[in-house]
Peer 1: 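Questions regarding the structure given below will be posed in turn.
Hydrogens, waters and symmetry mates play no part in the numbers below; they use all other heavy atoms, side chains included. Order of the sequence lines sets the chain letters (A, B, ...), proteins ahead of strands, with each chain counted from 1.
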There are 2 protein chains.
Amino acid sequence: MNSIFKALADPTRRKVLELLRERPMTAGELADRFPVSRPTMSAHFAVLKEADLIDSLKIGTTITYQLKLTVLEDALLGFARLFSPTAEEPATPRTDPTPPQEGTTK
Amino acid sequence: MNSIFKALADPTRRKVLELLRERPMTAGELADRFPVSRPTMSAHFAVLKEADLIDSLKIGTTITYQLKLTVLEDALLGFARLFSPTAEEPATPRTDPTPPQEGTTK
DNA sequence: ACTAAATTTCGATGTTTAGCTAAATATCGA
DNA sequence: TCGATATTTAGCTAAACATCGAAATTTAGT
């Protein structure tokens, strides 16, 4: 829980999550969109993964990252609900967009 | 916006916000509930204030802090909505709990 | 086996942050 | 004005963090 907020505290990482909202992307693809080095991006990915906000799937030499939407939402809404228990309901009983898949890169 | 997430990244600060959810409290009152020194708590208050998440009102020697609920909610839900535009609506058109008050301590 | 490509790990550096104690500031009540 | 109380500022240390370039790792293709 703390790790999620820590992960969200950095603008680069938030942007990464936003990019992954649309579709999964490879590490290189993501890195190309930021003005920092690849090792730096790699570290950001590690933080996001540590927080369980993304999944990684290795295919050949490339690693594809995918947003774990439900984890992010549960954390955000769970926290928000702490402050206004009446307000935000679970709302969309979403059909889990995470397909059976455990590609957690070894 | 970044300052808000930075502020939320620390567990002590999140707890402070939770305490203020119920009612405004003085700096000393809050400090008594944490196992850290008053100066340290003061620094946390400064971060929360910098992020515009709390208001301070000085009466005599004591400073009362109050949660700015709408700021917190707007940030949280605004960000959450980035990821599932369909899901969470503004919901409760809340009657602003912040009374006309500009006690921003000097 | 060799080479190229994608990504991470390693080691170093500068910045930020949380924490402390001690001192300063402000306000109240006597 | 004095003394007590509430809070912050100042000055510090230690740990955490973001960043880099260079090297290591892994895999694909020839």
Peer 1: In Å, rounded to the nearest 0.5 Å, how long is the span from CD1 of B:Ile59 to OG1 of B:Thr26?
Peer 2: 10.5 Å
Peer 1: I'd like to know whether CD of B:Glu29 has more than 12 heavy-atom contacts from other residues, nucleotides or ligands below 6.0 angstrom.
Peer 2: yes
Peer 1: For a quick test of reading the model, state the closest non-hydrogen atom pair linking A:Asp52 to A:Val71 and the distance between them.
Peer 2: O-CG1, 3.6 Å
Peer 1: Using whole Å, what does the distance between atom P of nucleotide C:dA6 and atom CD1 of A:Ile63 come to?
Peer 2: 13 Å
Peer 1: Please report the distance, rounded to the nearest Å, between CD in B:Glu50 and P in C:dT16.
Peer 2: 14 Å
Peer 1: Can you tabulate the close N/O pairs, meaning under 3.5 Å, that link protein atoms to atoms of nucleotides 27-30 of chain C?
Peer 2:
none

Peer 1: For a quick test of reading the model, state the closest non-hydrogen atom pair linking A:Ala31 to A:Arg38 and the distance between them.
Peer 2: CB-CG, 3.9 Å
Peer 1: Looking only at the side chain of A:Pro39 (C-beta and beyond, no hydrogens), which of the listed nucleotides C:dA22, D:dC20, C:dA6 gets closest?
Peer 2: D:dC20
Peer 1: Check the distance between D:dA6's C1' and B:Leu57's CG and give it to me in whole angstrom.
Peer 2: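 Atom CG in B:Leu57 sits about 15 Å away from atom C1' in D:dA6.
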Peer 1: Would A:Asp10 and A:Lys15 pass as an ion pair if we require N to O under 4.0 Å?
Peer 2: no
Peer 1: So which heavy atom on B:Ile4 is nearest to which on B:Ala75, and how close?
Peer 2: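 For B:Ile4 and B:Ala75, the tightest heavy-atom pair comes out as CD1-CB, 3.7 Å.
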Peer 1: Scan for ring pair (Phe, Tyr, Trp, His ring centres under 6.0 Å) pairs involving residues 4-32 of chain A, sequence neighbours excluded, and state none if there are none.
Peer 2: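 As it turns out, the ring pair (Phe, Tyr, Trp, His ring centres under 6.0 Å) pairs with a partner in residues 4-32 of chain A, which skip direct neighbours, are A:Phe5-A:Phe79.
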Peer 1: Can you find a heavy atom in the side chain of A:Val16 that is under 4.5 Å from one in the side chain of A:Met25?
Peer 2: no
Peer 1: Looking at every non-hydrogen atom in both residues, tell me the closest pair between A:Thr40 and A:Ser37 and how far apart they are.
Peer 2: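 Heavy-atom minimum between the residues: OG1-OG, 3.0 Å.
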Peer 1: How close or far is atom P of D:dC17 from atom CZ of A:Phe45, stated in whole angstroms?
Peer 2: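 So the CZ-P distance, A:Phe45 to D:dC17, works out to 18 Å.
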Peer 1: What residue pairs, at least two apart or across chains, pass ring pair (Phe, Tyr, Trp, His ring centres under 6.0 Å) with a residue in residues 28-74 of chain B?
Peer 2: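 For residues 28-74 of chain B: B:Phe45-B:Tyr65.
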Peer 1: Donor-acceptor pair, B:Arg14 side chain versus B:Leu8 backbone, under 3.5 Å?
Peer 2: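 It does hold such a pair.
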Peer 1: Considering all heavy atoms of both residues, which atom of B:Arg21 and which atom of A:Leu82 are nearest to each other, and what is their separation?
Peer 2: CD-O, 2.8 Å
Peer 1: Between B:Ala7 and B:Leu53, what is the shortest heavy-atom contact and its length?
Peer 2: CB-CD1, 4.0 Å
Peer 1: Kindly state which residues belonging to residues 16-31 of chain A come within less than 4.0 angstrom of DNA chain C, counting heavy atoms of the residue only, listed by number.
Peer 2: A:Thr26, A:Ala27, A:Gly28
Peer 1: Grab the N/O contacts between the protein and nucleotides 17-19 of chain C below 3.5 Å, and write none if there aren't any.
Peer 2:
{"unit_1": "C:dA18", "atom_1": "OP1", "unit_2": "B:Arg13", "atom_2": "NH1", "d": "2.9"}
{"unit_1": "C:dA18", "atom_1": "OP1", "unit_2": "B:Arg13", "atom_2": "NH2", "d": "2.8"}
{"unit_1": "C:dG19", "atom_1": "OP2", "unit_2": "B:His44", "atom_2": "NE2", "d": "2.6"}

Peer 1: What nucleic acid atoms does B:Tyr65 come within less than 4.0 Å of, heavy atoms only: base, sugar-phosphate, or nothing?
Peer 2: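 Sugar-phosphate contact only - B:Tyr65 comes under 4.0 Å of backbone atoms but never of a base.
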Peer 1: At 10 degrees resolution, what angle do the end axes of the helix from C:dA1-D:dT30 to C:dA30-D:dT1 form when each is taken over five base pairs?
Peer 2: 20°
Peer 1: Please give, in whole Å, the distance from C:dT8 C1' to A:Ile54 CD1?
Peer 2: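 Distance check: A:Ile54 CD1 to C:dT8 C1' gives 14 Å.
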Peer 1: A:Leu48 CG to C:dT8 P: how many Å, rounded?
Peer 2: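 Rounded to the whole Å, the gap is 12 Å.
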